[in-house]
Amino acid sequence: MTLAELLPSVGMTGEPALEAGLWPLGTRLDRGELLLGGVPATELAARFGTPCQVLDEGTVRARARGFREVLPEAEVVFAGKALPCREVYRWVADEGLSLDVCSAGELAIARSVGFPAERVLLHGNVKTPEDLKAALGYGVGRVVVDSFDEIEQLGALAGGPQDVLVRVTPGVDPRTHRAVATGVEDQKFGFSLAGGDALEAVLRVVEHPSLRLVGLHCHVGSQVRHVAVYEEAARRMVGLIASCGVRVEQLDLGGGFAVPYLPGEGEFDLGGFAHRVRVALSHECALRRVPVPRLLVEPGRSVVAGAGVTLYRVAAVKRGTTRVFVAVDGGMSDNPRPALYGARYAVRLVGRGGRRAPVTVVGRHCEAGDVLAENVPLPVDVRAGDLLAVPVTGAYHHALASNYNAVGRPPVVGVRDGVARVLVRRETEEDLLRRDV
């Protein structure tokens, strides 16, 4: 049954234009076909199956270069957790970025492509002994310590002076979803600035013979839209630097720069960030008579999110009491973000336009919360077998994917200049059974 039969009262006609700011660079429509990196979406779906996560290499590289151009004096560190994939790590290494990893597993990916160890930072609020040993074994440039226990554990394992940053909770509200607000007090990340633990952590690192303090770190949250949040964090961190009594060479303000997921949402003002944070750092350091530290930033989502598009096949269309449901062959196993954070997405049908009406796009999993997008306009004749494309899926989709309902994780397919190739293959039933001993 078509949407027109289910819901005859509709509006909006014709094929919609591409939503500005949501699609990879160079994406275009050609007689109804959606071209991603020069490759038709229908061809990608036919060759690689669905669901399929498509990643535009040119967009990733361009966004990485963009950060370096706007912040030439800063060290740009890609947050590897956003998209842990060998080829992506290669791309950002080629573009001169450093890399932040949160586990021995992410480090293993970096090692497998020969990512320069001196440009790797080990992060994470909990680092197991295996994580620390892997980092020390590879000779990572810096470890960001997150607890007093970790300072002692790292110091005991380190054979010689290991460069360290201390992660600080600056007490700054990022004005974002509470699940991704990491700079506020009384949560699991970092040492409290207000409570005095941050200064105590600095002093313990300085006193430890196997550790060398090189900097301070903070991360206020994700999807941060206001530059003023970073200015305030910078001011508070310089205040701590002035209290330390030792030279602090580096100041890492983290990442979390917001990206648009829906039409009309603006890009983060990276140029404004670069200017205003420079001014804030210079002013505060002059006021407190301390040297200006080198700035580090850690973009993850803002490098890869807009480079990704996920393709789904419609499996069924049916009507509830008040809504029309368009069910697809993926769902929360390849995109749990709507269930975790209430994330919202745009959706378009590939291949035709026509009159449209609002629908709810849902997944295949046995959870009422398996909803990918609500109140999105799709053509009224949408039916099983149609191809849907969801933009801005490059960040935290592959990384957060699961095997719920024993569904294999989708492939990641890279596109560039009309060529498509598998970066991460589709997970098979044999893969699932191999671990079940």
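Scope of the values below: all heavy atoms of this structure, side chains included, with no hydrogens, waters or symmetry mates.
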Heavy atoms only: give me the nearest Ala233-Val220 pair and the separation to one decimal.
-> CB-CG1, 4.0 Å

With sequence neighbours excluded, give me every salt bridge (charged side-chain N to carboxylate O under 4.0 Å, His left out) pair touching residues 117-128.
-> Lys127-Glu150

Yes or no on side-chain hydrogen bond (donor to acceptor under 3.5 Å, both in side chains) for Arg142 and Gln162, after CA distance, side-chain angles and deciding distance?
-> CA-CA 7 Å; Arg142 285 148 292 179; Gln162 170 64 51; over 6 Å; no

Sub-3.5 Å donor-acceptor pair from the side chain of Glu284 to the main-chain atoms of Ala280, do we have one?
-> no

Drop me the distance from Leu22's CG to Arg348's CZ, to the nearest 0.5 angstrom.
-> 10.5 Å

Distance col, row Leu55:CG vs His398:NE2, nearest 0.5 angstrom, shows 10.0 Å

Look at the side chain of Asp146 and the backbone N and O of Gly190, then say whether any donor-acceptor pair between them is shorter than 3.5 Å.
-> yes

Would you please indicate yes or no on a ring centroid separation below 6.0 angstrom for Phe115 and Tyr138?
-> no

Name the one of Val415, Leu423, Thr310 that satisfies side chain to side chain contact (heavy atoms under 4.5 Å, CB included) with Val54?
-> Val415

Could you tell me whether the side chain of Asp94 and the main chain of Trp91 form a donor-acceptor pair under 3.5 Å?
-> no

Is a side-chain donor or acceptor of Asn335 paired with a backbone partner of Arg337 at a separation under 3.5 angstrom?
-> yes

4.5 Å side-chain heavy-atom contact, Val390 and Leu372 = no

Nearest 0.5 Å please: distance from the CG atom of Leu295 over to the CG atom of Asp252.
-> 8.0 Å

Does some side-chain heavy atom of Asn403 sit less than 4.5 Å from a side-chain heavy atom of Leu432?
-> yes

Is there a donor-acceptor pair under 3.5 Å between the side chain of Asp370 and the backbone N or O of Met332?
-> yes

Plane angle bin for Phe257 and Phe67 - parallel if under 30°, tilted between 30 and 60°, otherwise perpendicular = tilted

Is there side-chain contact between Pro16 and Arg356, with at least one heavy-atom pair below 4.5 Å?
-> yes

Is Asp329 salt-bridged to Arg313, cutoff N-O under 4.0 Å?
-> no

Does the His365 side chain pair with the main chain of Glu367, one donor and one acceptor, at a distance under 3.5 Å?
-> no

Do side-chain atoms of Asp56 reach the backbone of Thr59 as a donor and acceptor pair under 3.5 angstrom?
-> yes

Give, for atom CG of Leu99 and atom CD of Glu106, the distance between the pair rounded to the nearest 0.5 Å.
-> 8.0 Å

Tell me yes or no: between the side chains of Tyr261 and Gln223, is some donor less than 3.5 Å from an acceptor?
-> no

Does atom CZ of Arg344 have more than 12 heavy-atom neighbours, drawn from other residues, nucleotides or ligands, at distances under 6.0 Å?
-> no

Which atom of Val424 lies closest to which atom of Cys85, heavy atoms considered | CG2-SG, 4.0 Å

Close side-chain approach of Tyr89 and Pro84, heavy atoms under 4.5 Å | yes

Close aromatic pair by centroid cut-off 6.0 Å: His397 and Tyr345 = yes

For Asp334 and Gln53, does a side-chain donor sit closer than 3.5 Å to a side-chain acceptor?
-> no

Within a strict 4.5 Å, meaning less than it, do heavy atoms of the Val168 and Leu240 side chains meet?
-> yes

Check for a donor-acceptor pair, side chain of Ser282 on one end and backbone N or O of Val279 on the other, with a separation under 3.5 Å.
-> no

With the threshold set at 4.0 Å, does a side-chain nitrogen-carboxylate oxygen contact exist between Glu249 and Arg212?
-> yes

Check whether the ring centres of His217 and His123 lie less than 6.0 Å apart, and answer yes or no.
-> yes

What are the two closest heavy atoms between Asp131 and Ala104, and how far apart are they?
-> OD1-N, 2.8 Å

Check whether any side-chain N or O of Asn375 sits under 3.5 Å from a backbone N or O of Pro358 as a donor-acceptor pair, and report yes or no.
-> no

State plainly whether the residues Arg235 and Glu232 are in salt-bridge range, i.e. N to O under 4.0 Å.
-> yes

Give a yes or no on whether Arg65 atom CZ has more than 12 heavy-atom contacts from other residues, nucleotides or ligands under 6.0 Å away.
-> yes

Stepwise side chain to side chain contact (heavy atoms under 4.5 Å, CB included) check, Tyr230 with Val224 = CA-CA 9 Å; Tyr230 295 98; Val224 180; 3.5 Å; yes

Looking just at side-chain N and O atoms, do Glu19 and Trp23 make a donor-acceptor pair shorter than 3.5 Å?
-> yes

Quick one: are Cys218 and Arg167 in side-chain contact, heavy atoms under 4.5 Å?
-> no

Side chains of Thr27 and Leu35: does their closest heavy-atom pair fall under 4.5 Å?
-> no

Are any of the side-chain nitrogens in Glu152 or Arg204 under 4.0 Å away from the carboxylate oxygens of its partner?
-> no

Calculate, to the nearest 0.5 Å, the distance between atoms CZ and CG belonging to Arg294 and Leu281 respectively.
-> 13.5 Å

Does a side chain donor of either Ser98 or Glu75 reach within less than 3.5 Å of an acceptor in the other side chain?
-> yes

Under a 4.0 Å N-O cut-off, is there an ion pair linking Glu57 with Arg90?
-> no

The single option from Val77, Val76, Leu253 passing side chain to side chain contact (heavy atoms under 4.5 Å, CB included) against Leu296 = Val77

Between CG of Asp149 and CG of Leu154, what distance do you get to the nearest 0.5 Å?
-> 12.5 Å

Quick one: do Phe148 and Glu200 satisfy side chain to side chain contact (heavy atoms under 4.5 Å, CB included)? Show the steps, please.
-> CA-CA 9 Å; Phe148 292 118; Glu200 175 64 22; 3.7 Å; yes

Arg301 side-chain N/O to Ala79 backbone N/O, donor-acceptor pair under 3.5 Å | no

Are Thr360 and Val371 close enough that some pair of their side-chain heavy atoms sits under 4.5 Å apart?
-> yes

